[in-house]
Amino acid sequence: MLKFQEITKVFKTDLIAQPFTALNDVSFEIPHGSMVGFLGANGAGKTTSLKIIMDFIRADKGRVEFDSSMGKNKIEVFKKIGFLPERPYFYPNLTGTEFLMFMGRLSELPREQIKKQVAVWAPRFKIEHALERPLKTYSKGMLQRVGFLATIIHEPELIILDEPLSGLDPIGRKELKDVIVEVHRAGKTVFFSSHIVSDIEEICDRVIFLKEGKLVYDGAVDSLMNSGKQNDYLIKFRSVGNISLSAPHHNWQHFPGNLNVITVNEAAKSAALQELVGGGVEITGVELIKPSLEEIFYKIRTQ
Ligand SMILES: Nc1ncnc2c1ncn2[C@@H]1O[C@H](COP(=O)(O)OP(=O)(O)OP(=O)(O)O)[C@@H](O)[C@H]1O
Ligand SMILES: [Mg+2]
């Protein structure tokens with residue numbers, strides 16, 4: 001669907017400052033029908049890459065290629081893309097309906113089709129009650145939803161989202177993720193950036209990881225999260241008296257209400273649980289400790 005080929009982007013801010021290489025020979029592919037996450041810390045080069053795909057800025061080296069199925073020229077190709085920028089601008093005095101009508105008309109959709117799309121999606125985004133209000137009265141989460149609706153209103157084949165989940169509360173994130181999954185299941189290709197590993201882990205099968213303008217990982221999400229490292233688990237339990245544990249463990253924490261939390265590695269998990277149960281304690285939870293973005297960074301850096 002899309003090939004990002006050997007792209008280098010250098011920003012020259014002024015005559016005195018050193019030129020800054022935001023992207024350094026980055027290549028990846030987004031296959032048709034895939035859902036790919038674009039991961040990286042602040043300043044890694046995600047937005048710059050997406051702007052180059054959208055032709056808002058030009059690369060110094062390399063090129064972006066689209067499948068012939070996307071169209072013969074840029075005008076045809078960009079009609080099949082839905083893009084949600086990192087910081088979309090919303091005309092404050094337009095109502096939700098007027099904004100969606102405006103965005104739909106920009107994509108040359110007939111009015112009837114725009115209305116149909118809004119009728120389908122507005123209830124899913126829980127914004128139908130606000131559609132006749134000006135956008136300046138919307139909360140951040142509501143703007144994010146109306147922005148996403150505008151992104152998919154023309155039923156694009158390729159949906160590119162720059163931090164679509166930022167600023168949403170947990171319920172809002174879940175709802176938006178559900179819609180992204182639904183759109184993807186309907187056959188659309190989705191490429192979205194985030195610096196939150198769990199969002200990508202939950203809904204993507206592949207992840208592209210940028211670090212300081214370089215591609216450091218492109219592959220399955222599972223292998224990124226699990227490669228080479230033994231998993232650690234938290235065991236939570238209640239015990240009235242003092243209890244000792246011979247199975248290997250570390251980081252024993254005590255909390256009010258006789259609550260204890262210990263960390264064990266995968267190999268020691270069963271032995272520790274058996275010993276604790278044998279000692280008569282009440283196990284209240286066993287939890288896999290997921291690596292954080294920092295840990296993955298560290299792991300990738302030291303590989
Ligand atoms: N127009 C510009 N002029 C100069 N430097 C720029 C420009 N645009 C981006 N940069 C620099 O390029 C680097 C990459 O920026 P980019 O916005 O692509 O990062 P990002 O991965 O999207 O980060 P975030 O997670 O914070 O959105 C940053 O160091 C940024 O300062
Ligand atoms: Mg960005």
Side-chain angles (χ1 to χ4, degrees), residues 2-30 35-64 78 81-90 140-141 143-145 147-148 150-151 158-169 172-173 176-177 180 189-204 206-219 221 224-225 291-301:
L2 155 66
K3 282 190 185 141
F4 198 80
Q5 292 179 317
E6 296 162 11
I7 301 258
T8 294
K9 174 72 191 171
V10 180
F11 287 111
K12 301 170 197 78
T13 37
D14 57 52
L15 286 172
I16 303 154
Q18 285 288 322
F20 178 78
T21 305
L23 293 172
N24 190 348
D25 194 21
V26 175
S27 300
F28 56 80
E29 268 183 53
I30 307 294
M35 165 99 90
V36 181
F38 200 17
L39 195 63
N42 295 137
K46 304 180 296 295
T47 299
T48 304
S49 305
L50 301 184
K51 282 182 182 166
I52 289 171
I53 293 174
M54 293 307 296
D55 215 16
F56 297 154
I57 56 173
R58 292 281 157 86
D60 293 285
K61 271 194 217 141
R63 58 207 189 113
V64 177
F78 285 107
I81 300 181
F83 178 63
L84 181 65
E86 188 173 35
R87 275 172 285 197
Y89 178 77
F90 297 99
K140 177 158 173 30
L143 285 175
Q144 203 86 340
R145 290 158 201 235
F148 186 70
T151 306
L158 171 61
I159 298 165
I160 299 177
L161 310 164
D162 198 355
E163 307 267 356
L165 303 166
S166 77
L168 293 178
D169 65 20
R173 295 172 90 82
L176 193 51
K177 276 187 269 186
I180 294 175
T189 307
V190 183
F191 183 36
F192 78 94
S193 76
S194 175
H195 49 262
I196 299 170
V197 185
S198 58
D199 287 334
I200 287 186
E201 189 190 4
E202 216 176 289
I203 61 175
C204 297
R206 216 180 102 215
V207 61
I208 294 168
F209 195 157
L210 279 190
K211 182 173 175 267
E212 291 162 15
K214 290 197 185 123
L215 188 133
V216 285
Y217 183 85
D218 179 357
V221 174
L224 175 65
M225 304 299 282
S292 65
L293 182 59
E294 288 74 22
E295 282 174 302
I296 293 172
F297 263 138
Y298 182 75
K299 203 168 72 183
I300 283 179
R301 204 177 59 209

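Keep in mind it's a predicted model, so treat the numbers as computed, not measured. Start at 1 and go down the list; that is how both ligands and their atoms are numbered.
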Task: Heteroatom N/O/S of Glu163 within less than 2.8 Å of the Mg ion (ligand 2) - done: no

TODO: May I ask you to check if any N/O/S atom from Ser193 comes under 2.8 Å of the Mg ion (ligand 2)?
DONE: no

Task: Spacing of OG belonging to Ser194 relative to CD1 belonging to Ile200, to within rounding of 0.5 Å - done: 4.5 Å

Task: Pairwise distance CD1(Ile208) to CG(Leu215) - rounded to 0.5 angstrom - done: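 That separation rounds to 7.0 Å.
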
Test item: [X] and [Y] side chains (from C-beta on) under 4.5 Å apart, heavy atoms:
{"X": "Phe38", "Y": "Ser49", "result": "yes"}
{"X": "Tyr217", "Y": "Val207", "result": "yes"}
{"X": "Ile203", "Y": "Phe192", "result": "yes"}
{"X": "Val26", "Y": "Phe4", "result": "yes"}

Task: Asp218 and Arg206: CA distance, side-chain angles, deciding distance, salt bridge (Lys or Arg N to Asp or Glu O under 4.0 Å) verdict - done: CA-CA 7 Å; Asp218 179 357; Arg206 216 180 102 215; 2.9 Å; yes

Task: Glu202 and Lys177 ion-paired at < 4.0 Å - done: yes

TODO: Report yes or no: does Ala41 have a heavy atom closer than 4.0 Å to ligand 1?
DONE: yes

Open item on the list: In this structure, does ligand 1 have an atom that sits under 4.0 Å from one of the heavy atoms of Gly45?
Closed with: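 So Gly45 counts as touching ligand 1.
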
[X] neighbourhood, listing ligand 1 atoms whose heavy-atom distance to it stays under 4.0 Å:
{"X": "Thr47", "value": "17 (O), 18 (O), 20 (P), 22 (O), 27 (O)"}
{"X": "Ala44", "value": "19 (O), 20 (P), 21 (O)"}
{"X": "Glu86", "value": "24 (P), 27 (O)"}
{"X": "Ala22", "value": "12 (O)"}
{"X": "Glu163", "value": "25 (O)"}

TODO: Go through the side-chain N and O atoms of Thr47 and Glu86 and say whether any donor and acceptor fall under 3.5 Å apart.
DONE: yes

Heavy atom of the protein closest to [atom] (residue, atom name, distance):
{"atom": "atom 16 (P) of ligand 1", "result": "Thr48 OG1, 3.6 Å"}
{"atom": "atom 25 (O) of ligand 1", "result": "Lys46 NZ, 2.7 Å"}
{"atom": "atom 23 (O) of ligand 1", "result": "Gly43 N, 2.7 Å"}
{"atom": "atom 26 (O) of ligand 1", "result": "Asn42 ND2, 3.0 Å"}

Open item on the list: Within the protein, is there a heavy atom lying under 4.0 Å from atom 2 (C) of ligand 1?
Closed with: yes

- [ ] Using a distance threshold of 4.0 Å (strictly less than), state whether atom 31 (O) of ligand 1 has a protein heavy-atom neighbour.
- [x] no

Task: Within 45° cone and under 6.0 Å: Lys211 NZ/CZ vs Phe209 ring - done: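 Judged by the rule (NZ or CZ under 6.0 Å from the ring centre, within 45° of its axis), Lys211 is not positioned above Phe209.
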
Open item on the list: On a heavy-atom basis, I'd like to know which of Phe38, Phe11, Phe20 is closest to atom 6 (C) of ligand 1.
Closed with: Phe11

TODO: Starting from the Mg ion (ligand 2), look over the N/O/S atoms of Glu86 and name the nearest one.
DONE: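 Within Glu86, restricted to N, O or S, the Mg ion (ligand 2) is closest to atom OE2.
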
Open item on the list: side chain to side chain donor-acceptor pair (under 3.5 Å), that's the test. Do Asp162 and Ser193 meet it? Break it down for me.
Closed with: CA-CA 5 Å; Asp162 198 355; Ser193 76; 2.6 Å; yes

